[in-house]
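Predicted model, so just to flag it, every value in this text is computed and none were measured.
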Amino acid sequence: MIERALIAVLLSAMPAAALAQSSAPAAPNDDIVVRDRRTADRKAVERYVGEISVRTDTQLARFHQPICPVVIGLPRDYAAIVERRIVADALAAGMSVDRKTKCSPNLIVVIAENGSALVADIRRRRSGWLEGLTAGEIDALIAPAPARAWSVTSLRNEDGQGLKKTRDEAGPNPLGGIPTLRVMSASIIKAPTRQDMEASFVVIDEAATVGFSLRQIADYAAMRGLAHTRPPAPGGTIDTILTLLDGSPTPPRSLTATDSAYLRALYASDGRSAAVTERSAIARRIAKGK
């Protein structure tokens, strides 16, 4: 969990211009526009799922604890709108939401004057927020881009238990025990472990948000933060909110039907299947319009 006290550190790392948000986006449009065809081409759907899904080891990570979003870098009233929309997206996907007034944020959305500089500052000051990422992956996050997203994950067993230190039976252990993961099941179909998203970060450059509604920003952040996803390659035939920042003259106005179906399918699973199996299952559900 990312404690609320640590959010102050992130705020202090941001330029004043980002917090002031001088060019705030327009008020959200309440009309939901569904841009997808109900009879989506299966091959196009499989390509979409394969391109946007990011693996953690050999599985697709997801949240198993309730979601608590926080938005930094927008005026408070605008930030609250974005947070509520992310919560609505999470509930529609079948996720749990932390209803406490002061919950511990685990989905952090930042509108930054310079996202690259912010991530570089995080690497220097709060490297734990980049835990599990390789040096090359961190360098990629720092590279110039309109947005970047990453997740902190942990390996857990089928009951959600993480690594625990046990007594070293071979003799005294000065480190206090050997980290082990107890598993209770054996299956040739499902693994006894899963990858849990403990925290998710979405950092969007302020300049990239100009001209977009709060709903568009919220849905983009939800699609990148509720699942470990990335924008698809250019030229795809599936409409997705993940292309919001690619310069298209007609960007999606909200989560598309395909995006919503992806999140529902992801959270309909317990996360113990291999990534290749899950991607295939998700594509089947999307193609059937579920």
Side-chain angles (χ1 to χ4, degrees), residues 32-65 67 69 82 85-97 106-107 109 147-151 153 194-197 200-202 204 215-246 248 251-290:
I32 297 177
V33 177
V34 179
R35 301 167 58 85
D36 292 32
R37 296 183 301 272
R38 293 289 295 178
T39 55
D41 178 77
R42 177 65 182 272
K43 289 187 180 296
V45 169
E46 289 177 348
R47 178 186 175 190
Y48 158 84
V49 173
E51 288 182 343
I52 73 167
S53 301
V54 179
R55 295 187 310 174
T56 301
D57 289 337
T58 60
Q59 294 178 309
L60 299 184
R62 75 212 66 203
F63 282 103
H64 288 271
Q65 74 270 30
I67 285 293
V82 174
R85 176 65 181 182
I86 292 173
V87 165
D89 289 338
L91 291 173
M95 300 174 64
S96 298
V97 173
N106 54 11
L107 173 50
V109 180
R148 69 275 303 145
W150 71 95
S151 300
T153 61
R194 70 191 196 200
Q195 293 288 341
D196 279 28
M197 292 169 64
S200 192
F201 297 81
V202 182
I204 305 173
R215 168 173 289 195
Q216 288 171 304
I217 295 169
D219 284 358
Y220 178 86
M223 193 63 187
R224 297 213 62 183
L226 298 179
H228 197 181
T229 62
R230 61 193 167 204
T237 59
I238 298 296
D239 283 334
T240 170
I241 193 67
L242 292 173
T243 63
L244 181 69
L245 307 180
D246 69 358
S248 169
R253 294 172 60 187
S254 63
L255 282 179
T256 67
T258 302
D259 295 331
S260 297
Y262 179 94
L263 292 176
R264 288 196 304 271
L266 180 71
Y267 281 94
S269 168
D270 60 10
R272 291 173 51 200
S273 298
V276 64
T277 302
E278 284 218 76
R279 288 199 301 261
S280 179
I282 291 171
R284 284 197 302 271
R285 289 192 58 163
I286 294 174
K288 292 179 180 178
K290 295 183 177 182

[X] side, atom [atom1]; [Y] side, atom [atom2] - distance, nearest 0.5 Å:
X      : Y      : atom1 : atom2 : result
Arg194 : Asp270 : CZ    : CG    : 8.0 Å
Leu242 : Leu255 : CG    : CG    : 8.5 Å
Met223 : Asp89  : CE    : CG    : 10.0 Å
Asn106 : Ser200 : CG    : OG    : 8.5 Å
Asp196 : Gln65  : CG    : CD    : 6.5 Å
Ser254 : Tyr220 : OG    : OH    : 15.5 Å

Which atom of [X] lies closest to which atom of [Y], heavy atoms considered:
X      : Y      : result
Ala287 : Val45  : N-CG1, 4.4 Å
Leu245 : Ala147 : CD1-CB, 3.7 Å
Ala92  : Arg264 : O-CG, 3.5 Å
Val49  : Ser53  : O-OG, 2.7 Å
Ala265 : Ile282 : CB-CG1, 3.8 Å
Val202 : Ala221 : CG2-O, 3.8 Å

Please identify each residue that fulfils side-chain hydrogen bond (donor to acceptor under 3.5 Å, both in side chains) with [X], with sequence neighbours left out.
X      : answer
Glu278 : Arg62, Ser269
Thr153 : none
Arg55  : none
Thr58  : none

Is [Y] close to [X] at the side-chain level, that is, under 4.5 Å between some pair of heavy atoms?
X      : Y      : answer
Val87  : Ile67  : no
Ile286 : Ile238 : no
Asp246 : Pro234 : no

For [Y], is there any backbone N or O sitting under 3.5 Å from a side-chain donor or acceptor partner on [X]?
X      : Y      : value
Tyr262 : Ile52  : no
Asp259 : Thr256 : yes
Gln216 : Pro252 : yes
Tyr267 : Phe63  : yes
Thr243 : Thr240 : yes

(Q) List the residues meeting side chain to side chain contact (heavy atoms under 4.5 Å, CB included) with Ser96, not counting sequence neighbours, and say none if there are none. (A) Pro66
Q. Who pairs with Arg47 by side chain to side chain contact (heavy atoms under 4.5 Å, CB included), at least two apart in sequence or on another chain?
A. Glu51, Ala233
Q: Show the numbers, then the answer: is there a side chain to side chain contact (heavy atoms under 4.5 Å, CB included) between Leu107 and Ile86?
A: CA-CA 9 Å; Leu107 173 50; Ile86 292 173; 3.7 Å; yes
**Q.** Residues that Arg279 engages under salt bridge (charged side-chain N to carboxylate O under 4.0 Å, His left out), provided they are two or more places apart
**A.** none
Q.
Per the salt bridge (charged side-chain N to carboxylate O under 4.0 Å, His left out) rule, what does the pair list look like for residues 218-230, sequence neighbours excluded?
A. Arg85-Asp219
